[in-house]
Amino acid sequence: MATRNLEKLASIDAQLRLLVPGKVSEDDKLVEYDALLLDRFLDILQDLHGEDLKEMVQECYELSAEYEGKQDPKKLEDLGNVLMSLDPGDSIVIAKSFSHMLNLANLAEEVQIAYRRRIKLKKGDFGDENSATTESDIEETLKRLVVQLKKSPEEVFDALKNQTVDLVFTAHPTQSVRRSLLQKHGRIRNCLTQLYAKDITPDDKQELDEALQREIQAAFRTDEIRRTPPTPQDEMRAGMSYFHETIWKGVPKFLRRVDTALKNIGINERIPYNAPLIQFSSWMGGDRDGNPRVTPEVTRDVCLLARMMASNLYYSQIEDLMFELSMWRCSDELRCRATELHNSSKRDAKHYIEFWKQVPANEPYRVILGDVRDKLYQTRERSRHLLANGTSDIPAEATFTNVEQFLEPLELCYRSLCVCGDRAIADGSLLDFLRQVSTFGLSLVRLDIRQESDRHTDVMDAITKHLEIGSYREWSEERRQEWLLSELIGKRPLFGPDLPKTEEIADVLDTFHVLAELPEDCFGAYIISMATSPSDVLAVELLQRECHVKQPLRVVPLFEKLDDLDAAPAAVARLFSIDWYRNRIDGKQEVMIGYSDSGKDAGRLSAAWQLYKAQEELIKVAKQFGVKLTMFHGRGGTVGRGGGPTHLAILSQPPDTVHGSLRVTVQGEVIEQSFGEEHLCFRTLQRFTAATLEHGMHPPVSPKPEWRALMDEIAVVATAEYRSIVFQEPRFVEYFRLATPETEYGRMNIGSRPSKRKPSGGIESLRAIPWIFAWTQTRFHLPVWLGFGAAFKCAIQKDIKNLQMLREMYKEWPFFRVTIDLIEMVFAKGDPGIAALYDKILVSEDLWSFGERLRANYEETKGLLLQIAGHKDLLEDNPYLKQRLRLRDSYITTLNVLQGYTLKRIRDSNYHVKLRPHISKDYVDSSKSAAELVKLNPTSEYAPGLEDTLILTMKGIAAGMQNTG
């Protein structure tokens with residue numbers, strides 16, 4: 001059986017070699033890994049669903065492969081005929097099979113990348129796609145700064161220990177894979193890795209192979225579909241699970257590697273344990289912008305849950321540290337503290353008595369750490385009680401209420417060990433623990449709050465009307481500022497409990513009351529989305545004061561749309577001109593820039609350029625007022641929302657805009673791709689740290705004046721072209737909703753947030769994620785490339801010399817090169833032939849010409865892009881990525897065709913699926929599991945099997961594209 005399956009797959013390797021001749025190394029394992037996983041799965045499929053279904057899967061794959069090889073639309077038609085002949089249950093099995101095979105292909109890629117990475121590290125060779133062009137290795141970066149760029153080791157050390165990278169986990173609905181499946185995928189990945197280990201024995205191999213098959217079958221048997229939307233608490237638990245699995249232990253491991261890298265450039269000092277090198281924040285349960293499910297109660301719950309998780313992680317680790325620090329020599333300072341604790345008359349609780357019986361007086365470190373353990377226990381239990389009941393019998397003074405209390409006894413132990421000549425012991429597990437406490441604090445992550453500026457305006461309007469001084473909403477910006485400042489400077493209460501409140505106003509005020517109630521280290525920043533003016537910031541400052549927030553959160557304006565980005569420097573300059581505000585911020589300010597809505601507003605090219613210029617101008621304003629500015633990048637996972645390789649994204653930012661301080665969102669599926677495995681976590685921390693350091697110490701080149709002038713010209717053309725189609729073409733909205741699964745997106749239940757800000761709105765109200773998601777599903781990616789072609793064509797037609805200038809910009813300017821390379825990668829994932837199929841079966845004939853026009857634009861844009869990059873073929877400089885994409889294509893094509901025809905059936909009001917006559921007792925007996933799948937979603941308004949088939953195709957295509965939005 002296995003041999004037959006492998007023989008069918010044997011031609012893949014040869015096909016791939018033809019696609020990228022002579023460039024993919026001979027030690028490449030991808031095809032081998034993929035074939036093994038697919039072979040095991042086909043055997044499982046036959047056992048579960050019979051020979052016929054297995055052969056149907058293989059037939060669909062072969063037709064897809066023929067289409068991919070020749071781009072013959074007839075093959076898509078043939079494939080459609082095969083798929084439409086299936087019964088509802090079998091359609092679900094086929095969709096589930098191809099989705100599963102794409103997930104397996106992704107796992108094969110991850111194992112191959114890790115394998116190639118190990119080989120390159122052993123050879124000391126960093127000259128491939130994981131090298132300096134796309135990834136930062138901390139040791140190589142430090143050596144390059146010292147050896148090639150002539151920085152002194154002391155300069156490097158000083159810059160490194162003072163820089164901060166804050167990674168902000170967000171719960172935007174982009175993770176389409178359920179957590180239970182992700183865990184099974186991790187076990188498959190581990191089995192595959194171990195199977196190819198050099199020292200594996202025959203018995204080990206047999207057992208691992210059995211485990212591999214077991215995990216593949218378990219994943220296939222798991223329902224991929226979320227039957228209900230996740231709550232914000234569910235999203236938070238899913239996000240925090242990465243701390244348990246990789247990040248908690250990954251941070252101290254990474255910091256040890258930094259110590260080693262420093263030693264190798266001549267610095268014999270370790271990174272201080274409290275250096276803020278890596279920080280973590282979260283929006284999960286704090287991002288209420290357009291999400292009515294994020295209530296004040298939810299925010300309170302997720303903060304308490306995070307505190308409980310943090311204290312539990314510390315508690316589970318402290319006993320190991322207690323047993324490790326068994327030595328008796330200590331400083332007088334520590335011995336006095338230990339004696340005081342040991343003799344304390346307060347130790348009368350049963351678990352204390354048992355502990356003190358076990359700890360001899362001549363083990364002082366254990367005495368100190370035992371007290372830490374007890375307080376951690378109380379801290380955890382108090383959070384648990386508050387979470388469950390809203391109250392706790394455990395007094396706050398019996399717990400750790402701030403991180404300084406927690407650090408103090410640990411620092412005492414560290415100092416004592418060093419004084420007694422035991423620094424080597426101090427720099428072991430105790431140093432790791434100190435670094436964890438410094439990184440994660442008592443709250444694990446700091447929760448940002450995000451709210452739309454209009455919601456604060458509503459509150460202020462209600463207050464001014466209640467005070468009978470007019471309508472705040474109707475006031476000019478100058479009058480708003482004048483009134484807000486007078487109240488901020490004054491001391492009188494602004495409103496009382498008699499303030500008339502709508503449900504929305506009460507929600508905003510109750511959120512501020514939660515900020516006042518919970519410990520201050522629970523929270524990070526207060527983000528104002530759709531910010532435009534200083535009054536937006538001052539209003540939040542006033543509301544924090546009025547609601548008695550003891551340690552006010554730093555207030556961060558978020559500038560998103562093109563006009564707002566353009567006006568941002570002037571708005572920030574006006575804000576810094578206010579004496580009260582400048583005194584409040586103490587020389588530090590954070591500004592967030594949004595990639596998603598700017599891209600949806602004007603297209604990728606114009607948004608990227610406006611984001612670049614806005615950062616430059618914001619930095620100039622900050623320098624003028626003597627303020628250190630931190631840029632907070634609201635990047636998504638896809639190119640259309642600012643996604644792309646971390647290293648390139650950072651190094652392509654304008655000079656002086658990172659300067660050792662960076663915040664960036666890590667969203668949905670990107671969290672799994674960055675932190676899903678230990679080696680991924682380690683690599684992610686390296687990339688961010690090394691690239692941030694390199695940008696600060698060796699900034700990228702600034703664009704020449706003529707480059708700027710050309711970019712300004714082509715951005716205007718790109719914006720006009722993009723908006724003329726997306727917002728001004730009367731047929732566009734109808735075409736978009738017919739040609740993509742946008743209207744069906746919400747059924748995936750992949751996030752707690754609605755897909756639209758306003759349910760009745762059009763494209764402008766649609767969130768950037770479903771906007772990108774819908775076009776990704778059809779492999780057309782319109783929001784990413786639209787506008788590029790018109791811009792480049794106009795520039796070249798105006799002056800042929802501009803072509804040479806564009807090529808020069810591509811070679812010499814990191815920002816422009818990264819932009820072009822990312823769009824080229826998107827074209828490599830695209831397929832206008834698939835988009836044409838969707839048009840043919842879903843779009844009314846009177847719109848066909850519009851679709852043809854867009855596809856002609858696609859082809860023209862692709863040609864111009866290759867011309868500027870100097871490439872004959874897409875991804876010719878990246879054969880490894882090209883190989884990986886080609887391996888997925890045939891799987892994705894089957895899912896595309898199945899999705900298109902399923903959408904047609906769903907949208908055809910005259911179509912009513914009836915189970916075919918042979919889906920009776922005989923069918924159920926012979927293929928029970930397929931028939932049962934139809935019954936999994938009895939509440940669907942669609943005919944049996946259609947909704948599940950559609951959702952499975954969406955998830956499968958998302959897995960294949962590795963971009964859900």
Exercise. Would you say H185's side chain and L104's backbone share a donor-acceptor pair under 3.5 angstrom?
Worked result: no

Problem set entry | Sequence neighbours excluded - ring-ring contact (aromatic ring centres under 6.0 Å, His included) pairs with any residue from residues 834-857 | Y735-F850

Exercise. For A95, does its backbone N or O pair with a side-chain atom of S99 as donor and acceptor, under 3.5 Å?
Worked result: no

Exercise. For the side chain of T665 and the backbone of Q667, is there at least one donor-acceptor N/O pair under 3.5 Å apart?
Worked result: no

Exercise. To the nearest 0.5 Å, what is the distance between CZ (R189) and CG (L212)?
Worked result: 13.0 Å

For this session: Indicate yes or no: at least one non-hydrogen side-chain atom of L946 is less than 4.5 angstrom from one of P88.
Result: no

Problem set entry | Point-to-point distance, once rounded to the nearest 0.5 Å, from CG of L76 to NZ of K840 | 9.0 Å

Exercise. Rounded to the nearest 0.5 Å, what separation is found between the CG atom of L83 and the OG1 atom of T949?
Worked result: 10.0 Å

Seminar exercise, completed: dist I216:CD1 -> N103:CG (nearest 0.5 Å) comes out at 11.5 Å

For this session: Please answer whether the main-chain N or O of M84 pairs with a side-chain N or O of R905 as donor and acceptor at a distance below 3.5 Å.
Result: yes

Exercise. Where the side chain of R907 meets the backbone of L738, is there a donor-acceptor pair that is under 3.5 Å apart?
Worked result: yes

For this session: Could you tell me the separation between the CE atom of M825 and the CG atom of L885, rounded to the nearest 0.5 Å?
Result: 8.0 Å

Exercise. With no hydrogens and no angle check, do the side chains of Y33 and E109 hold a donor and an acceptor under 3.5 Å apart?
Worked result: no

For this session: Consider only side-chain N and O atoms of D831 and Y67, and report whether a donor and an acceptor are under 3.5 Å apart.
Result: yes

Problem set entry | Donor + acceptor pair across side chains of T861, N857 (<3.5 Å) | yes

Exercise. Salt bridge between R731 and D846, side-chain N to carboxylate O under 4.0 Å?
Worked result: no

For this session: Apply salt bridge (Lys or Arg N to Asp or Glu O under 4.0 Å) to the pair R40 and D209, showing each step before the final yes or no.
Result: CA-CA 9 Å; R40 295 294 181 270; D209 196 47; 2.9 Å; yes

For this session: Report yes if the side chains of P741 and L903 come closer than 4.5 Å at any heavy-atom pair, otherwise no.
Result: yes

Problem set entry | Test item: side-chain donor near acceptor, T894 and S64, under 3.5 Å | yes

Problem set entry | Those residues that, when tested against R187, pass side chain to side chain donor-acceptor pair (under 3.5 Å) (two or more places apart) | E215

For this session: Test side-chain contact (heavy atoms from CB on, under 4.5 Å) on L842 and T740 and set out the steps.
Result: CA-CA 9 Å; L842 297 173; T740 73; over 6 Å; no

For this session: Report yes or no: does T778 contribute a side-chain atom to a donor-acceptor pair with the main-chain N or O of W775 at less than 3.5 Å?
Result: yes

For this session: Measure the shortest side-chain to side-chain distance between N190 and E677 over non-hydrogen atoms and say whether it is less than 4.5 angstrom.
Result: yes

Exercise. Tell me, do L887 and D34 make a side-chain contact under 4.5 Å, heavy atoms counted?
Worked result: yes

Exercise. Can you check whether V784 reaches T776 side chain to side chain, under 4.5 Å on heavy atoms?
Worked result: no

Seminar exercise, completed: Exactly one candidate in F98, F220, Y61 meets ring pair (Phe, Tyr, Trp, His ring centres under 6.0 Å) with F41; the answer is F220

Exercise. Is any side-chain heavy atom of R221 closer than 4.5 Å to a side-chain heavy atom of L48?
Worked result: yes

Problem set entry | CG-CG distance between L195 and L36, expressed to the nearest 0.5 angstrom | 6.5 Å

For this session: State whether the side chain of N896 and the backbone N or O of Q777 hold a donor-acceptor pair below 3.5 Å, judged by distance alone.
Result: yes

For this session: Using modelled atom types only, decide if a donor and an acceptor are shared between the side chain of S241 and the backbone of A238 within a distance under 3.5 Å.
Result: yes

Problem set entry | T893 and R779: side chain donor to acceptor below 3.5 Å | yes

Exercise. Should the pair E77-K74 be classified as a salt bridge under the 4.0 Å nitrogen-to-oxygen rule?
Worked result: no

Problem set entry | Backbone of M961 reached by a side-chain donor or acceptor of K829 within 3.5 Å | yes

Exercise. Considering only heavy atoms from C-beta outward, does the side chain of E859 approach that of R855 to under 4.5 Å?
Worked result: no

Problem set entry | Evaluation steps, ring pair (Phe, Tyr, Trp, His ring centres under 6.0 Å), between Y858 and W785 | CA-CA 8 Å; Y858 174 102; W785 56 262; 5.5 Å; yes

For this session: Ignoring hydrogens and angles, state whether a donor on the side chain of E68 or S890 is under 3.5 Å from an acceptor on the partner side chain.
Result: no

Exercise. Considering only heavy atoms from C-beta outward, does the side chain of H781 approach that of L786 to under 4.5 Å?
Worked result: no

For this session: Using a strict 4.0 Å threshold on nitrogen-to-oxygen distance, state whether K96 and D948 make a salt bridge.
Result: no

Problem set entry | Side-chain ion pair, R853 and E729, N-O less than 4.0 Å | yes

